[in-house]
Amino acid sequence: MPYLYLILILLFWSCKGEKKIENNIEKSTATSSKEEVKYVNSIRILSPEKNALLSYNDLIDIEFSVKEKFSVDSIQIFWEGKKIASQKDCKSYSFRLPSGKTGKQTLKVIAFHPDNKKGVGSVSIVLKPDSAPQKYNYEVVKTYSHDPRAYTQGLVYQDNFMYESTGQYGESGIRKYDMKDGKVLSVLNIDSKLFGEGITIYKDKIYQLTWTSGQGFIYDLKTFSLESTFRYNTQGWGITTQDDQLIMSDGSHKLYHIAPSSFGIIQETEVYDHNGPVKNLNELEYIDGLVWANVWMSDRIVMIDPETGEVKGEIDLTNLLPASDQRQLDDSDDVLNGIAWNPEKRTVYLTGKRWPKLFEIKIK
């Protein structure tokens, strides 16, 4: 009997060893097969052109050429990493551009050749909506006094208090005032070497940006005491809160989705309307699933889908501030800026840099 057990044990380990050898052979074969793929410069995309500005639902002809010395086994075409066509052999393919995401997107064509050779061609195009954003009207519900010395950069409403950030070197800071009587309750000025920009409230903290220093501040909401700082690698313009992330602008046509804990970028969204990129995005406010943004040096507010970048709506506020007040302002600087949302009343507060008035409006 002991001999029988010994034989069984030897057979068991022998089988395991064979299996291990077989696995190693399979691994080696797979690695070898992978290494045998040879990428060659065989294909060139002729159309569409690099960075072509196209619209949702455009029907495009994807045209490409393959060098004569390479015979083709098959062709595969990819849009944003998703295969849209597989052909035995072709030199063009018609494709209707999808809606849903604006900005730069990638088209790729792969040619498979004999002897495990592969040619890859890619081109980036830019996609915009195929229709104009919806235009909204408004009515003024109430007009409030506003400090004409305040160079408004950010505006946030919460629990009947307005929080405002101001800019300009030597004038920058944050303040809190009671909406019932306009009384200023708290003021905090920042270093005169810094130019204050947008603010937002996340949980019980105020996040404040500065313009070109790449430095931001986090304050306790109740006491205005500084709790920590954060850094970013672009300019700071506007900032708002969407659920458990922040969204920031830098004066370009991009929105940056930010993790509040680390201030790391989660996602970038390019903003386009039917005409092209919408630049100079400034003060931001998240309202009912859309990011409202002041377009700097204009009386236009755009409403942006933060995931796709599509401008869904817009408001023209050219006549919001009476002409008699506008004549007292600097046309080159004292522009519309500042958006705050009152979710209980479903109204929006708007003002501008050094405007003497703040308006509460209702969209219709």
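No hydrogens, no waters, no symmetry mates; every other heavy atom, side chains included, goes into these values.
- Taking every heavy atom of both residues into account, P306 and T269 meet most closely at O-OG1, 2.9 Å.
- Partner W211 forms a side chain to side chain donor-acceptor pair (under 3.5 Å) with one of Q168, Q153, Q235 and no other, that one being Q235.
- Within a 6.0 Å radius of CZ in R231, other residues, nucleotides and ligands contribute more than 12 heavy atoms.
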Take V311 and Y272 through the test side-chain contact (heavy atoms from CB on, under 4.5 Å) and record every step on the way to the result.
CA-CA 6 Å; V311 176; Y272 283 76; over 6 Å; no
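- To the nearest 0.5 Å, atom OG of residue S92 and atom CD1 of residue I60 are 11.5 Å apart.
- When the shell of 6.0 Å around NZ of K108 is examined, it contains 12 or fewer heavy atoms from other residues, nucleotides or ligands.
- Screening residues 238-258 for salt bridge (charged side-chain N to carboxylate O under 4.0 Å, His left out), with sequence neighbours left out, gives K254-E268.
- Within 6.0 Å of atom CD in E344, more than 12 heavy atoms from other residues, nucleotides or ligands are found, so the atom counts as buried in its surroundings.
- No salt bridge links R96 with D58; every basic N to acidic carboxylate O contact stays at or beyond 4.0 Å.
- Below 30°, between 30° and 60°, or above 60°: for F230 and Y207 the angle between ring planes is between 30° and 60°, a tilted geometry.
- For the residue pair T200 and T241, a side-chain donor N or O sits within less than 3.5 Å of a side-chain acceptor on the partner.
- Shown are K67, K118, K69, K117; of these, the side chain to side chain contact (heavy atoms under 4.5 Å, CB included) with V40 is made only by K117.
- Counting heavy atoms from C-beta on, the side chains of I301 and L336 come closer than 4.5 Å.
- I201 contributes atom CD1, which lies 10.0 Å from atom OG1 of T240 (distance to the nearest 0.5 angstrom).
- The closest side-chain heavy-atom distance from M179 to Y349 is below 4.5 Å.
- The backbone N or O of H274 lies less than 3.5 Å from no partner atom in the side chain of S131, so there is not a single donor-acceptor pair.
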Might you work through the side-chain contact (heavy atoms from CB on, under 4.5 Å) test for L284 and W237, ending with a clear yes or no?
CA-CA 9 Å; L284 307 177; W237 284 44; over 6 Å; no
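- The shortest distance between side-chain heavy atoms of I258 and I265 falls below 4.5 Å.
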For S324 and Q326: C-alpha separation, side-chain torsions, deciding distance, then whether side chain to side chain donor-acceptor pair (under 3.5 Å) applies.
CA-CA 6 Å; S324 57; Q326 290 186 25; over 6 Å; no
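- In summary, of the residues considered (R346, K142, K345), a salt bridge (Lys or Arg N to Asp or Glu O under 4.0 Å) with E360 occurs for K345 alone.
- Using a 4.5 Å cut-off on side-chain heavy atoms (C-beta onward), I266 and Q245 make contact.
- In this structure, the side chain of N189 does not engage the main chain of G173 through any donor-acceptor pair within 3.5 Å.
- A donor-acceptor pair is defined here as one N or O able to donate and one able to accept, closer than 3.5 Å; no such pair exists between the side chain of T102 and the backbone of V271.
- A distance of 7.0 Å separates CZ of F217 from CG of L226, quoted to the nearest 0.5 Å.
- Between atom CD of residue Q267 and atom CG of residue L255 there is a gap of 9.5 Å, rounded to the nearest 0.5 Å.
- The cationic group of K176 lies under 6.0 Å from the six-membered ring centre of F161 and within 45° of the ring axis, placing it in a cation-pi geometry.
- Taking 4.5 Å as the limit, every side-chain heavy atom of I361 sits out of range of all side-chain heavy atoms of T347.
- Side-chain contact annotation: S124 with K104, donor-acceptor N/O pair under 3.5 Å absent.
- Side-chain N or O atoms of W355 include none that pairs as donor or acceptor with a backbone N or O of P148 at under 3.5 Å.
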Residues L127, L97; criterion side-chain contact (heavy atoms from CB on, under 4.5 Å); working and verdict:
CA-CA 8 Å; L127 203 55; L97 294 172; 3.7 Å; yes
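- Taking NZ of K38 as the start and CG of N116 as the end, the distance is 8.5 Å to the nearest 0.5 Å.
- Residue N51 places its CG atom among more than 12 non-hydrogen atoms of other residues, nucleotides or ligands, all under 6.0 Å distant.
- Side-chain polar atoms of S94 and D61 form a donor-acceptor pair below 3.5 angstrom.
- The closest donor-acceptor contact from the side chain of T229 to the backbone of G216 lies at 3.5 Å or more, if one exists at all.
- Using a 4.5 Å cut-off on side-chain heavy atoms (C-beta onward), V302 and K312 make no contact.
- Both cation-pi conditions hold for K353 and Y151: the charged atom is under 6.0 angstrom from the six-membered ring centre and inside a 45 degree cone around its axis.
- Under the 4.5 Å side-chain criterion, counting only non-hydrogen atoms from C-beta, H257 is in contact with E307.
- A donor-acceptor contact shorter than 3.5 Å links the side chain of Y232 to the backbone of Q215.
- For the pair S172 (side chain) and Y169 (backbone), a donor-acceptor distance under 3.5 Å is absent.
- Heavy-atom neighbours of E227 CD from other residues, nucleotides or ligands within 6.0 Å: above the threshold of 12.
- Hydrophobic clustering, with ILVMFWY side chains joined whenever heavy atoms are under 4.5 angstrom apart, groups V123 together with Y93.
- Side-chain atoms of S47 never come within 3.5 Å of backbone atoms of I62 as a donor-acceptor pair (strictly under, hydrogens ignored).
- No more than 12 heavy atoms of other residues, nucleotides or ligands shown are found within 6.0 angstrom of CH2 on W296.
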What donor-acceptor contacts under 3.5 angstrom involve side-chain atoms of residues 70-86, with partners at least two apart or in another chain?
| residue | atom | partner | partner atom | Å |
| --- | --- | --- | --- | --- |
| E80 | OE1 | K101 | NZ | 3.3 |
| E80 | OE2 | T106 | N | 2.6 |

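- Put simply, the side chain of S165 gets close to the backbone of E197: a donor and an acceptor are under 3.5 Å apart.
- Contact check on D147 versus R149 returns a salt bridge, with a Lys/Arg side-chain nitrogen under 4.0 Å from an Asp/Glu carboxylate oxygen.
- Residues L329 and L155 do not share a hydrophobic cluster, defined by chaining ILVMFWY side chains whose heavy atoms lie under 4.5 Å apart.
- Taking the side chain as every heavy atom from C-beta outward, E314 and Y136 never approach each other to under 4.5 Å.
- Using a 3.5 Å distance cut-off with no hydrogens or angles, the side chains of Y219 and Q208 do pair a donor with an acceptor.
- With values rounded to the nearest 0.5 angstrom, T152 atom OG1 is found 7.0 Å from N337 atom CG.
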